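Remember, it's a predicted structure, so these values are computed and weren't measured experimentally. Note that these values count all heavy atoms, side chains included, but never hydrogens, waters or copies made by symmetry.
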Amino acid sequence: MSASLRSLHRCCQRSALLPVARRQWSTSSASPPPLHTRLLLFLAQRFYDVEWLLSWRTLAKSRRLWTKNAYYGYTRSLYGPDIAAAYYVLNLGGGFRFAGQSEWFRADRRGKFNWDFLDHKDIPLEEVDMSHTVMNYRGLRNIESQRSLRTLKLQGCPEVDDWFLAGLHVFQDSLEELDISHCPRITTGGLAALGNLKGLKRLDVSSLPRISTPGLVIILLEEMLPQCHITAAGYDHNFKKLVEEKEKELIQRQQ
């Protein structure tokens, strides 16, 4: 029996017991239980109602996330990998620019978009902006065929995690700019996977809440990606300043 069904079963049991208890209080000559006892019984009944609703809500959210990041294989078979990738980006509320084109295609606040992108068949995507969307590791499969991708913006994506960053190695020969700022699920372990992106020129890792030692992480990133300009706002950089001062002192002593 699933967790949701067990919760519903317990809820029904509680609901069946409470009317019996109320009849006993009303028919007996004894005074009803104290207020705190009745309050606890009431909360016990409502707890299982809320527990079941929360379980159902979590399951529904997971299914929606799974559906939105499904593989667009049918679209790919009809229109090719480039149009399928573009359609996925727009369906999630993102935006993109085709290679050699200046026009951006974006979904509006209601998720509506211009279908003129269908006229650009067999033209790869060069820039993709998925900021504040629910793109996850599963959805990355829809754009991994875009080997001309130069810019990928993922600012504030709640589902981008370490597994997602590990999957970016498919763009190691093309990706030049990556924005993963304000992504709440990224850890230090995920950032280590960015060492595969040797062509990266700009990287934004600002305000990652699960990075406990940002100064040390930034130093390691600079060592892994010496040609990359790293933006890291929203941190206390005292550690990095201390390391730089120690390096200067060591150089002065050697001289």
Which pairs, with at least one residue in residues 62-83 and sequence neighbours excluded, count as a ring-ring contact (aromatic ring centres under 6.0 Å, His included)?
Y72-Y87, Y72-Y88
R63 meets the side-chain contact (heavy atoms from CB on, under 4.5 Å) criterion, sequence neighbours left out, with L59
Under the salt bridge (Lys or Arg N to Asp or Glu O under 4.0 Å) definition, can you give me all pairs with a residue in residues 85-100, not counting sequence neighbours?
R97-E126, R97-E127
By salt bridge (Lys or Arg N to Asp or Glu O under 4.0 Å), R202 pairs with (sequence neighbours left out) E177
With sequence neighbours excluded, tell me which residues meet side-chain contact (heavy atoms from CB on, under 4.5 Å) with H182.
Q155, S207
side-chain contact (heavy atoms from CB on, under 4.5 Å) involving E223 - partner list, sequence neighbours excluded
I219, L220
Considering residues at least two apart in sequence or located in another chain, which fulfil the side-chain hydrogen bond (donor to acceptor under 3.5 Å, both in side chains) criterion with R185?
E159
Mind checking salt bridge (Lys or Arg N to Asp or Glu O under 4.0 Å) for D129 and listing every partner two or more places apart, or none if nothing turns up?
R106
Qualifying residues under side-chain hydrogen bond (donor to acceptor under 3.5 Å, both in side chains), relative to S206, sequence neighbours excluded:
D204
side-chain hydrogen bond (donor to acceptor under 3.5 Å, both in side chains) partners of T187, counting only residues at least two apart:
D162
side-chain hydrogen bond (donor to acceptor under 3.5 Å, both in side chains) against N114, all qualifying residues, sequence neighbours excluded
D116
Those residues at least two apart in sequence (or on a different chain) that pass side-chain contact (heavy atoms from CB on, under 4.5 Å) with V170 are E144, R147
